[in-house]
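Below is one structure; the comments refer to it alone.
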Amino acid sequence: MKAYAVSSGGGVKCAALAGAIAAAQKQGIEFVGYGGTSGGSIVSLLAAVGYREDQLHEEAVERLDFSSLLSDGGAALDAAKSALQLLASGKFFRLMSSGKAKAIINTVSRQFGLYDSARLAKYLRERVVAKIPNLASHPEISFEALEDNGAPQLKILATDLTRRCAAVFSREANYSQSVVDAVVASAAFPFVFRPIEKLQYRLIDGGLSSNLPVFLFAEEHRRSRYPILAFDLVPGVRSAASPYNVRDLFADLIGTGLEASDALLRDTLSTFSRNIVYVPIETPEINAMDLGIDRGRREELFNCGFRAATGRLSEFPALKLRGEAGDNLVRQIQLNYGPPKFYQPLLAAVAHEIEQTTNAQSVRAHVMLNTGSRRGSRVVVYHYGMDGDPDRELELERKGGCTGAALESEKGIAIADMNAAKKEFEEWNMTQQQQTLVRQDRQALISVAIPGWLNFDDLTTGPIKDRIGTLSVDTSTRLQETRWIENGKAARDIVRRLQHWALVIARLLP
């Protein structure tokens, strides 16, 4: 079954996110898109370029030691922790007389962080090239290059300090097209790593904007209805008996800033959207600034994520149903929108009304919906009168056929003389093989767009990107005899009728 994966921030605890994605992969979930923020952006990139299960374990547990990504092995960070410890113990004057403390303050005040991200950038590039060797010659590896080499869609969230807003990196984004720049910016933990300056932007940790950015694939989800799996690290609560000091306060202030914006979201995700699967991963207490956690702790984190995702996904009914659909694309889409028995009576009514109000005979009706693929293809998901016909298996590109013309039309309407289309199939963006699947007695076809929003005006004036499919009728009657044409274009009466039915279908779709 297909789904989108969104991974939360997690910093050094991102091994738990790797474990969760590995568990989902093992259960047969095919991710068509990966998105993440902060530590989740690192795991998302690795998974997007092809690291699976055991390979994710190797990267997250064996290879990804955050202290090795610091130019001095973490010495400056350790000094900063010691300075906070002195402050916590009330030794203010000793702190101010410390040469190391002064050096830290000078570095942070001048460069806004202790370290640059050069080593992280080098690690990310090496891991991408290890999976996709032909990208080694690219000075910068772009989102487009990843997808052109077979990677699923990738979206990364950082924070734009110059505009005080979220910065979404993707193939379509206006920010840097470099995937390494995107992940480095997203993972730039405040005060530890320096902000990334690209073009006119100053970028830092994506968790400051949203630590669980399920909105990244909102538009793709609306078109395809593929579920979004939201992997979220849930920190353990510190014991009330534990000593609390300024160092703890500093870590908690940053952690709360990263977490609090999404706290209410966690409680409502599964309640209000059956297509968002919230996967909470409770992790052991690890301070966000403890970048030097050892292999044993990373192994523990990976296993936490693996167990949490395995348990959550095994109990989610919608995922069980989608698994039963197997590789049948139409059945997978029907599981998103409902069984054919919900739509067939409606489409029968459409066909009968067209027969009664026009001269068209032997009318069929069908609904084509977007598959959610990057190329924007559509398939016949619901139909009336097409049993046994080969064209009910037809898959068209977004602009293909009369239905594609309706999606691209400003008013969301298209009409075709099927006799002419048999010879002019290329003008309708179809292949000859696709055209031969159409039932030979079909003479005319008319299509109207189905809107993504439930407003009649959207049928004709709504943005083209918000059209999720088409409602079409065809007939064995010659176009000139159907009364579907008026002054050389689709007659107002039939268009109005089909648009009303398209709105009914839009309201029925979940």
Self-check item: Stepwise salt bridge (Lys or Arg N to Asp or Glu O under 4.0 Å) check, Arg202 with Glu197
Solution: CA-CA 5 Å; Arg202 183 174 289 116; Glu197 298 191 13; 3.2 Å; yes
Self-check item: Gap separating the CG atom of Leu229 from the CZ atom of Arg312, nearest 0.5 angstrom
Solution: 9.0 Å
Quiz item: Any sub-3.5 Å donor-acceptor pair from His352's side-chain atoms to Ala348's backbone N or O?
Solution: yes
Practice problem: Mark yes or no: Lys131 above the aromatic ring of Tyr51, with NZ or CZ under 6.0 Å from the six-membered ring centre and no more than 45 degrees from the axis. | Solution: yes
Practice problem: Examine distances only and state if a side-chain atom of Asp205 and a backbone atom of Pro190 form a donor-acceptor pair shorter than 3.5 Å. | Solution: no
Quiz prompt | Sidechain-backbone polar pair: Thr482 side chain, Leu479 backbone, donor-acceptor under 3.5 Å | solution = yes
Quiz item: When you look at Glu353 and Arg497, which way does the salt bridge (Lys or Arg N to Asp or Glu O under 4.0 Å) test go after all the steps?
Solution: CA-CA 9 Å; Glu353 180 174 314; Arg497 291 177 187 276; 3.0 Å; yes
Quiz prompt | Closest approach of Thr37 to Asn211 (non-hydrogen atoms, all atoms of both residues) | solution = CG2-O, 3.6 Å
Quiz item: Side chains of Val279 and Asp232: closer than 4.5 Å at any heavy-atom pair?
Solution: no
Self-check item: Whether Glu427 side chain and Glu424 backbone form a donor-acceptor pair below 3.5 Å
Solution: no
Practice problem: Find out whether Ile485 and Gln480 are in side-chain contact, i.e. whether some heavy atom of one side chain is under 4.5 Å from a heavy atom of the other. | Solution: no
Quiz item: Would a 4.5 Å heavy-atom cut-off, applied to side chains only, mark Phe425 and Thr431 as touching?
Solution: no
Exercise. Look only at the side chain of Ser178 and the backbone of Asp181, and say whether a donor-acceptor pair between them is shorter than 3.5 Å.
Key: yes
Quiz item: For Arg127 and Val49, what are the C-alpha separation, side-chain angles and deciding distance, and is it a side chain to side chain contact (heavy atoms under 4.5 Å, CB included)?
Solution: CA-CA 9 Å; Arg127 303 332 300 152; Val49 299; over 6 Å; no
Quiz item: Quick one: do Lys2 and Glu30 make a salt bridge, cutoff under 4.0 Å?
Solution: yes
Exercise. Check the pair Phe215, Val168 against side chain to side chain contact (heavy atoms under 4.5 Å, CB included), reporting the backbone distance first and the verdict last.
Key: CA-CA 10 Å; Phe215 60 84; Val168 177; 4.3 Å; yes
Practice problem: Give a yes or no answer on whether the side chain of Thr310 reaches the backbone of Phe306 with a donor-acceptor pair at less than 3.5 Å. | Solution: yes
Exercise. To the nearest 0.5 angstrom, please state how far the OH atom of Tyr278 sits from the CG atom of Leu212.
Key: 6.5 Å
Exercise. Indicate whether the side chain of Thr470 and that of Ser447 have a donor and an acceptor atom separated by less than 3.5 Å.
Key: no
Exercise. Would you confirm whether Ser8, through its side chain, and Leu233, through its main-chain N or O, come within 3.5 Å as a donor-acceptor pair?
Key: yes
Practice problem: List the steps and the verdict of side chain to side chain contact (heavy atoms under 4.5 Å, CB included) for Leu146 and Val179. | Solution: CA-CA 9 Å; Leu146 286 188; Val179 294; 3.7 Å; yes
Quiz item: Are side-chain heavy atoms of Ile354 and Ile446 found at a separation under 4.5 Å?
Solution: no
Quiz prompt | Polar side-chain atom of Tyr34 near backbone of Leu46 as donor-acceptor pair, under 3.5 Å | solution = no
Quiz item: Any salt bridge between Glu408 and Arg398, counting N to O under 4.0 Å?
Solution: yes
Exercise. Find the distance between CD1 (Ile450) and CG (Leu508) and round it off to the nearest 0.5 Å.
Key: 10.5 Å
Practice problem: Please report the closest heavy-atom contact between Thr475 and Gln361, naming both atoms and the distance. | Solution: OG1-O, 2.6 Å
Quiz item: Side-chain contact, heavy-atom cut-off 4.5 Å: Val379 with Leu394?
Solution: no
Quiz prompt | Side-chain ion pair, Arg442 and Asp391, N-O less than 4.0 Å | solution = no
Quiz item: Just how far is it from atom NZ of Lys13 to atom SG of Cys304, taken to the nearest 0.5 Å?
Solution: 10.0 Å
Quiz prompt | Spacing of CZ belonging to Arg478 relative to CE belonging to Met418, to within rounding of 0.5 Å | solution = 14.5 Å
Quiz item: If you measure from CD on Glu426 to CD on Gln435, what distance do you get to the nearest 0.5 Å?
Solution: 11.0 Å
Quiz item: Does Arg492 pair with Glu486 as a salt bridge, N-O distance under 4.0 Å?
Solution: no
Self-check item: Near-ring test Tyr343/His366, centroid separation under 6.0 angstrom
Solution: no
Practice problem: Classify the angle between the aromatic ring planes of Phe31 and Phe231 as parallel (below 30°), tilted (30 to 60°) or perpendicular (above 60°). | Solution: perpendicular
Quiz item: Considering all heavy atoms of both residues, which atom of Gly39 and which atom of Leu17 are nearest to each other, and what is their separation?
Solution: C-CD1, 4.4 Å
Exercise. Run the salt-bridge test on Asp417 and Lys422 with the 4.0 Å N-O cut-off and return the result as yes or no.
Key: no
Self-check item: Side chain to side chain, Val367 and Leu347, heavy atoms closer than 4.5 Å
Solution: yes
Quiz item: Does the side chain of Gln443 come under 3.5 Å of the side chain of Asn419 through a donor N or O and an acceptor N or O?
Solution: yes
Quiz prompt | Shortest non-hydrogen separation from Gln433 to Thr436 and the atoms involved | solution = O-OG1, 2.6 Å
Self-check item: Full working for side chain to side chain contact (heavy atoms under 4.5 Å, CB included) between Gln153 and Phe217
Solution: CA-CA 10 Å; Gln153 195 173 6; Phe217 292 107; 4.0 Å; yes
Exercise. Answer yes or no: does atom CG of Asn134 have more than 12 heavy-atom neighbours from other residues, nucleotides or ligands under 6.0 Å?
Key: yes
Practice problem: May I ask you to check whether over 12 heavy atoms, not counting those of Arg439, lie within 6.0 Å of atom CZ? | Solution: yes
Exercise. Quick one: closest heavy-atom pair of Arg364 and Asp474, and the distance?
Key: NH2-OD2, 2.7 Å
Exercise. Please tell me if the side chains of Cys402 and Trp428 come closer than 4.5 Å, counting only heavy atoms from C-beta onward.
Key: yes
Self-check item: side-chain hydrogen bond (donor to acceptor under 3.5 Å, both in side chains) evaluation trace for Ser38 with Ser186
Solution: CA-CA 5 Å; Ser38 191; Ser186 182; 5.7 Å; no
Practice problem: Answer yes or no: is there a side-chain heavy-atom contact under 4.5 Å between Thr357 and Ile494? | Solution: no
Quiz prompt | Arg496 with Asp493: basic N within carboxylate O range, under 4.0 Å | solution = no
Exercise. Go through the side-chain N and O atoms of Thr159 and Ser209 and say whether any donor and acceptor fall under 3.5 Å apart.
Key: yes
Quiz prompt | Shortest non-hydrogen separation from Ser170 to Lys155 and the atoms involved | solution = CB-CG, 3.8 Å
Quiz item: Is Glu395 paired with Arg378 through a side-chain N to carboxylate O contact shorter than 4.0 Å?
Solution: no
Quiz item: Quick check: does any side chain N or O of Glu393 sit under 3.5 Å from a backbone N or O of Asp389, one acting as donor and the other as acceptor?
Solution: no
Quiz prompt | Under 3.5 Å donor-acceptor, Asn370 side chain and Ile468 backbone | solution = yes
